[in-house]
Amino acid sequence: MGSAHRHAAHDQSLFRVRAAVFVTSARETAGQRLEALGKLSPRVVGAKVDGVIYDLHTPLPEGVEKVSPLDKSAPAALKLIRHSSAHVMADAVQRLFPGTKVAFGPATDAGFFYDYDRGGKTFSDDDLRAIEAKMSEIIAENRPFVRESVTRDEARELLTKLEEPYKLEHLERLEGDISLYRHGDWVDLCEGPHVPSTGFLEAFQLTHVSGCYWRGDETNPMLQRIYGTAFATAKDLRGHLKRLEEAKKRDHRKLGKELDLVGFHPWAPASPFFLPRGATVYRLLVDYIRRLYSRTGYEEVVTPQIFDTQLFETSGHLPGYAEAMYLAATSENLEKASAALAGEVHDEQAIEATLRESIRFGIKPMNCPSHCLIFGMQRRSYRDLPWRMADFGRLHRFERSGVVQGLTRVRTFAQDDAHIFCTLEQVQGEITAFLDLVDAVYRDFAFDDVHLVVATRPDKRIGDDAIWDTSEAALLDAVVAKGIPYEIAVGEGAFYGPKIEFHIKDAIGRPWQMGTIQADFTLPERFDLSYVGEDNKAHRPVMLHRAALGSVERFFAVLLEHVGGAFPLWLAPEQIKLLTVSQKFNDYALEAKAQLEAAGLRVDVDLTDAKLGAKIRQARLMRVPYMGVIGEKEVEARGLALRKREGQKDLGLLPLPEVVGMLLGEARPPSERTAASSENSPEPPSGGPDPKV
RNA sequence: GCCCAGGUAGCUCAGUGGUAGAGCACCCCCUUGGUAAGGGGGAGGUCGUGAGUUCAAGUCUCAUCCUGGGCUCCA
């Protein structure tokens, strides 16, 4: 698997200015030191002092050794630029909208934001443009950013005077030194560091507004968050905007519509319709996983959609997961329930029983409970373990209206889901095998930037520490043995067991979490599952939840964006489209189509009276991997003129059997290509004929 | 669920209170052609939905549904 990419919990410490540094102001500053070293220039936005970022005007601590300039183009400089931009924005907002209170305003991975309380009022897009204009004025004033170290009482006094309740609240949570930052007349409770002056901010843009809660808590007042982005230079900003544009072009919702893959309808919100072309790809994905299962010892089951709610009470989904579950009612039961509510039933217990009965059925949000039922249907022996039970069952989860998104967050989906029932001793081997499986899958889809996160026991958990020790060790040992880059997310595991998450990066560098494998000790317990061991006693199995693609819908979306709509041959809805030069050749085109289809290819044909150029354009827009042009010469030669999607590759006139041979080799996922089929690779090594084996 | 922005023909989008538009797609006709759009004609909309203001509403107000961007949630 891929490079040694890691998410290292970004060097926050770099930006934490050390304590007890600002006692006097007579001390030499970073800027002075750099100047003395002849390293100060207008490109320098800060200083790196023994690995910690300082403002230029901040006094250095005693006995520092290394002071180096922080160039505005350095990645670490972005944080200064963005955080300073946030201050300037807040200044602009308070100038334009007096009385607005400020909350938090940090730099983020993509830019910055600042949260405001406008006393219930909101910001419009026009407001953003006005704020941008005001920011430009403040930047033109080129006021220096100045740090002040103050006592808690002084800070409290100032913030009280400024009437900043959120800042005051935050002040009381702060530990250690308190500092303020000023530029011009504007002052903020802030840790810094900042760029030397507002004039250093060359390229910024406010992007959008959203609501958010104070300290992220839904019960707190809602604030208005204005997002922006900022870069060292206008060129960098343009580059960023261009990348956003690129991402927009690849957006699966746009491509899904353009390529006739997916549709939506208001009567089934957040629930995709896979149209014929999309359904083909969907089926190919599932078929691919099925073939993998048959090679790796999985057995597929088909399970019900709707269950008595007792199932979910046993599994704990009710009431724990109730808000995300659809419940199913029958009209008969609903009538009884409304009669009860209308007061036609008087016995309180009877009313309660009637109401309970009215929602007696639940639509499954996960497959695991029904798999537990299957396990429990018969007496199981240790000889049956590990048992790998796969299920592509459709799941329904009620996601809140604000969180659904295209195919990546939907209310109905299927997973390449499987549950492995095994002994504690077998866990590590199963993990290792799954790592291999996932590795093969991501390779086949050309996701080459993959890394793992091992999530360990959270504070709130169930199960003995001894079991956690064993299962965490099993996960880690398997990962370490594979030599795959990983990181450990301490305390991020599920309450029922540790897990491994698989994160990939797509073609334009965006991260996605795809597969996962989790150990579970709870569910077997809840369902009282057991197997008979060698010792003829009952033992509790361990359950592993695992998926490589995750949700097929989501994987479809990520893959679609990854390939920019151009599916590889083995996944393309149509592998080749036949284009006739004129309708005189339609009969032969249909013959050729039948022959290619008989050989197992997915073939489309354009018999319209459009000109060849228009047909090619149409096929290219649909990203069809191969085109077969058919005119007089091709009919005579019983072949077609092959043209490849990538580049302008005209592969010339080929007899049909040769076309079949060429395409079939490429028509399987890489891991299923045999030496025999790669012989027919469409791109033989250059220079001379293929060295046949 | 909350905040912001949208919703006009199948698609992409014009339309600032006074007779609903364009391009593409679709249907018909001409054209029968050689590697990213041949030409002509036609059909297609209760402007998301429901109320309200007005002599008059796609346009203003309110409500509601859906979509998008965030927040939040995520066994």
Side-chain angles (χ1 to χ4, degrees), chain A residues 108 110 113 115-116 118 120-128 207-227 244 248 251 253-254 257-258 260 263-270 312 315-318 320-325 365-366 368-369 397-406 409 458 460-462 493-497 499 513 516 518 520 522-523 526 543 545 579-586 607-622 627-634 641-645 648-653:
Chain A
T108 65
F113 63 79
D115 293 344
Y116 306 96
R118 254 189 100 185
K121 280 197 224 147
T122 59
F123 294 100
S124 68
D125 279 0
D126 286 343
D127 292 336
L128 293 198
T207 52
H208 57 282
V209 190
S210 82
C212 66
Y213 300 97
W214 168 238
R215 306 189 67 81
D217 183 340
E218 228 167 312
T219 61
N220 280 338
M222 171 157 281
L223 308 172
Q224 294 297 310
R225 174 171 296 179
I226 301 181
Y227 285 88
L244 287 184
K248 224 172 175 178
D251 190 312
R253 290 163 300 193
K254 182 175 147 74
K257 199 190 274 189
E258 281 175 6
D260 287 333
F264 287 88
H265 194 280
W267 290 353
F312 303 111
S315 69
H317 288 94
L318 286 175
Y321 197 69
E323 79 275 9
M325 270 185 67
M366 296 179 194
C368 25
R397 297 182 188 173
F398 181 75
E399 301 282 1
R400 295 200 290 173
S401 63
V403 306
V404 298
Q405 201 233 24
R409 194 77 183 264
K460 246 183 89 179
R461 61 177 182 270
I462 57 137
F495 75 91
Y496 54 77
K499 63 180 174 184
Q513 194 210 310
T516 180
Q518 320 184 356
D520 185 353
T522 314
L523 228 39
R526 282 178 162 274
M543 198 175 172
H545 306 251
L579 316 175
T580 49
V581 171
S582 98
Q583 290 179 315
K584 283 189 288 196
F585 314 114
N586 281 2
L607 303 177
T608 64
D609 70 346
K611 285 191 162 186
L612 182 60
K615 293 186 181 185
I616 288 173
R617 177 183 145 83
Q618 200 49 41
R620 285 187 59 98
L621 286 175
M622 296 307 267
M627 282 165 258
V629 175
I630 290 172
E632 201 170 348
K633 284 176 290 191
E634 289 73 21
L642 200 59
R643 177 187 161 123
K644 218 179 164 175
R645 173 178 60 196
Q648 294 289 330
K649 284 190 185 142
D650 188 348
L651 302 175
L653 200 167

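The chains referred to below are lettered A, B, ... by the order of the sequence lines, with proteins before strands, and numbering in each begins at 1.
- Taking atom C1' on both U16(B) and G23(B), the two are 24 Å apart, rounded to the nearest angstrom.
- Side-chain nitrogen and oxygen atoms of K584(A) include at least one within less than 4.0 Å of the OP1 or OP2 phosphate oxygen of G33(B).
- If you take atom C1' in U8(B) and the same atom in G58(B), they sit 7 Å apart, rounded to whole Å.
- Pairing partner, C74(B): none, since no Watson-Crick or wobble contact has both distances short of 3.5 Å.
- Distance L223(A) CG to C71(B) P: 14 Å, rounded to the nearest Å.
- For the pair W267(A) CH2 and U49(B) P, the interatomic distance rounds to 13 Å; values are reported in whole Å.
- Taking atom P in both G10(B) and G69(B), the straight-line distance is 24 Å, to the nearest Å.
- Comparing C11(B) with U72(B), their P atoms are spaced 34 Å from each other, to the whole Å.
- Regarding contacts with the backbone of C4(B), every side-chain N or O of S210(A) stays at 4.0 angstrom or more from both OP1 and OP2.
- In this structure, F113(A) reaches neither bases nor backbone, as no heavy-atom distance under 4.0 Å exists between it and the strands shown.
- At C71(B), one or more side-chain N or O atoms of Y227(A) fall inside 4.0 Å of OP1 or OP2 (strictly under the cut-off).
- Across every strand in view, U61(B) sits in a pair with A51(B) that passes the Watson-Crick or G-U test at under 3.5 angstrom.
- No engagement by A268(A) is indicated, since no non-hydrogen atom pair under 4.0 Å with the nucleic acid exists.
- The side chain of K254(A) contributes no N or O atom lying less than 4.0 Å from OP1 or OP2 of C11(B).
- The separation between D260(A) atom CG and A25(B) atom C1' is 11 Å, rounded to whole Å.
- Within the 4.0 Å cut-off from OP1 or OP2 of G69(B), at least one side-chain nitrogen or oxygen of Q405(A) is found.
- Here the separation of A5(B) from C24(B), taken at their P atoms, is 34 Å to the nearest Å.
- Here G631(A) lies in heavy-atom contact (under 4.0 Å) with a base.
- Between K257(A) and G211(A), it is G211(A) whose nearest contact on RNA chain B lies nearer the 5' terminus.
- The residue E632(A) sits close to a base: some heavy atom pair falls under 4.0 Å.
- Atom pair Q618(A):CD and C24(B):C1' shows a separation of 10 Å (rounding to whole Å applied).
- Under the 4.5 Å side-chain criterion, counting only non-hydrogen atoms from C-beta, R620(A) is in contact with R643(A).
- V629(A) has its side chain out of reach of K615(A): every pair of non-hydrogen atoms, C-beta onward, lies at least 4.5 Å apart.
- Note on ring orientation: taking the six-membered ring where Trp is involved, the planes of Y496(A) and H545(A) are tilted (angle from 30° to 60°).
- Rounded to the nearest Å, the gap between the C1' atom of C13(B) and that of G6(B) is 13 Å.
- Distance, R397(A) CZ to C73(B) P: 17 Å, rounded to whole Å.
- Here the separation of G21(B) from A14(B), taken at their C1' atoms, is 7 Å to the nearest Å.
- You'll find the side chain of C212(A) reaches within 4.5 Å of the side chain of D115(A), heavy atoms only.
- For the pair D251(A) CG and U67(B) P, the interatomic distance rounds to 15 Å; values are reported in whole Å.
- Of all heavy-atom pairs spanning P369(A) and S315(A), the tightest one is CG-CB, 3.8 Å.
- Distance noted for atom C1' between C66(B) and C30(B): 44 Å (whole Å).
- Residue M627(A) is out of contact with every strand shown, counting any heavy-atom pair closer than 4.0 Å.
- The CE-C1' distance, from M622(A) to A36(B), rounds to 15 Å in whole Å.
- If you check distances only, the side chain of E634(A) does reach the base of G34(B) with a donor-acceptor pair under 3.5 Å.
- Rounded to whole Å, atom C1' of G34(B) lies 8 Å from atom CD1 of I616(A).
- Within the shown strands, G10(B) is the pairing partner of C24(B) under the Watson-Crick or G-U definition, both distances less than 3.5 Å.
- A donor-acceptor pair is defined here as one N or O able to donate and one able to accept, closer than 3.5 Å; no such pair exists between the side chain of R225(A) and the backbone of S210(A).
- How far CG of L612(A) is from CZ of R617(A): 14.0 Å, rounded to the nearest 0.5 Å.
- Looking at R253(A), its side chain has no donor and acceptor atom pair within 3.5 Å of the base of U67(B).
- Across all strands shown, A641(A) has heavy atoms under 4.0 Å from base atoms, whether or not it also approaches the sugar-phosphate.
- At a threshold of 4.0 angstrom between heavy atoms, the contacts of R409(A) include nucleobase atoms, whether or not backbone atoms are also involved.
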